[in-house]
Novice: 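Handing you this structure, nothing more for now.
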There are 2 protein chains.
Amino acid sequence: MFSKACEYGIRAIVHISLKSEKGMKVSLKEISHAINSPEAFTAKILQQLSKNDLIQSFKGPTGGFIMSPKQLKQVMLRDVVNTIDGDSIYTGCGLGLEHCDATNPCPLHNEFMEIREQLRSMLQSTSIRQLSDSLRQGEAILKR
Amino acid sequence: MFSKACEYGIRAIVHISLKSEKGMKVSLKEISHAINSPEAFTAKILQQLSKNDLIQSFKGPTGGFIMSPKQLKQVMLRDVVNTIDGDSIYTGCGLGLEHCDATNPCPLHNEFMEIREQLRSMLQSTSIRQLSDSLRQGEAILKR
DNA sequence: CTATTTTCGGACAATTTTGTCCGGTATCGA
DNA sequence: TCGATACCGGACAAAATTGTCCGAAAATAG
Ligand code: FES
Ligand code: FES
């Protein structure tokens, strides 16, 4: 469904959100440990998120990653997925035709549209903060 | 969502179903032309489908691929997807945790379950024949 | 039987995705 | 100022996926 990079990205930003609510910056090392992901690979993904203004990054000692109050309030799951995986989930044809076209559809077009619409709506309406809240309340985890 | 191999596989078996309803065998060459897919790669996929008894294959002149009446009646989209991509779509965690576990869920577990359940149900209730019917009636296409 | 046709199966190649390394740069604290 | 820390960014490497080649095996037609 999502690429490995996107999975790491979501788990990472949720962890950052968790700490940011307490006003704490997190280092790359702590993040990759908290979500059990390869450190250097995670770094690349965080750079993307930072460049797209979904998170903030700071260099040097006491540096690390944090989300501003504005970001905490505004960033949706959709923004993360879009940044890393693009919008091919919504726009592409499920059977691999060159593009999805309702006036000239593949045999699964209608069925796919329904599922993708539900996915799109879920990603758009779910905030990162919601997800980190469920973490804080012990209802969910980010690694096994 | 699906692998390239799976996309080709679905399009291929739908075309075979279309021809089989008219009692016609189809050659690899005709299939890959009809669905616009790489020939040798498609051959591998058809072998998988054949070994899993979703289609029949015959060697030699007048050879090719066909679906038996029983296969035409019984084969569901789910069987094709399962043969090629396995069941990781249903069983795996959407955020990449080692496995999906409702008693120890990732923050997106509930949202994912809903979408995946809809997908599972759609794949399970849609037959290949249904799809080839929509083709025959000119309501859909298999290549651009 | 023989030549031809078509699938089968294994090895190989290209591409994409995933993951690593390492020097560079900015920042902080002493 | 100086050294240590932590992110940045580009090159590189490994693995998985996608795609190709070619000889073997089977079956048919002549
Ligand atoms: S044409 Fe295939 S999903 Fe729309
Ligand atoms: S635990 Fe992640 S989807 Fe179920």
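Quick caveat: nothing in here was measured; it's all calculated off a predicted structure.
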Novice: Roughly how many Å is it from CD in B:Q56 to P in C:dC8, rounded to a whole number?
Specialist: 12 Å

Novice: How close or far is atom C1' of C:dG9 from atom NZ of B:K44, stated in whole angstroms?
Specialist: 6 Å

Novice: Please report, rounded to the nearest Å, how far the P atom of C:dG29 is from the CZ atom of A:F58.
Specialist: 14 Å

Novice: Report the nucleotide, chosen from C:dT20, D:dG19, D:dA25, that has the shortest atom-to-atom distance to any side-chain atom of A:P38.
Specialist: C:dT20

Novice: Return the value, rounded to whole Å, for the distance between atom CG of A:L28 and atom P of C:dT20.
Specialist: 12 Å

Novice: Between C:dG19 atom P and A:E7 atom CD, what is the distance in whole Å?
Specialist: 10 Å

Novice: So which one's nearest nucleotide on DNA chain C is more toward 5', A:G63 or A:A5?
Specialist: A:A5

Novice: Tell me which nucleotide among D:dT20, C:dT20, D:dA27 gets nearest to the side chain of B:P61.
Specialist: D:dA27

Novice: Under 3.5 Å, is there a donor-acceptor pair linking the side chains of B:E30 and B:H15?
Specialist: yes

Novice: Cut-off 3.5 Å, side chains only: do A:S37 and A:T42 have a donor facing an acceptor?
Specialist: yes

Novice: In whole angstroms, how far is the C1' atom of C:dA26 from the CZ atom of A:F65?
Specialist: 13 Å

Novice: Does OP1 or OP2 of D:dC7 have a side-chain N or O of A:Q47 closer than 4.0 Å?
Specialist: no

Novice: Less than 4.0 angstrom between a side-chain N/O of A:Y8 and OP1 or OP2 of C:dT18, yes or no?
Specialist: no

Novice: Is the shortest side-chain heavy-atom distance between B:Q56 and B:Q71 below 4.5 Å?
Specialist: yes

Novice: Cation-pi check for B:F58 against B:K25: NZ or CZ below 6.0 Å from the six-membered ring centre and within 45 degrees of the axis, yes or no?
Specialist: yes

Novice: Say whether B:E21 and B:S132, considering side chains only, have a donor N or O and an acceptor N or O under 3.5 Å apart.
Specialist: yes

Novice: Nearest whole angstrom, please: distance from the C1' of C:dT6 to the CD1 of B:I55.
Specialist: 14 Å

Novice: Can you find a side chain N or O atom of A:K51 that sits less than 4.0 Å from OP1 or OP2 on D:dG9?
Specialist: yes

Novice: So, OP1 or OP2 of C:dT27: does either fall under 4.0 Å of a side-chain N or O from A:T62?
Specialist: no

Novice: Measure the distance from NZ on A:K25 to C1' on D:dT5 and round it to the nearest whole Å.
Specialist: 12 Å

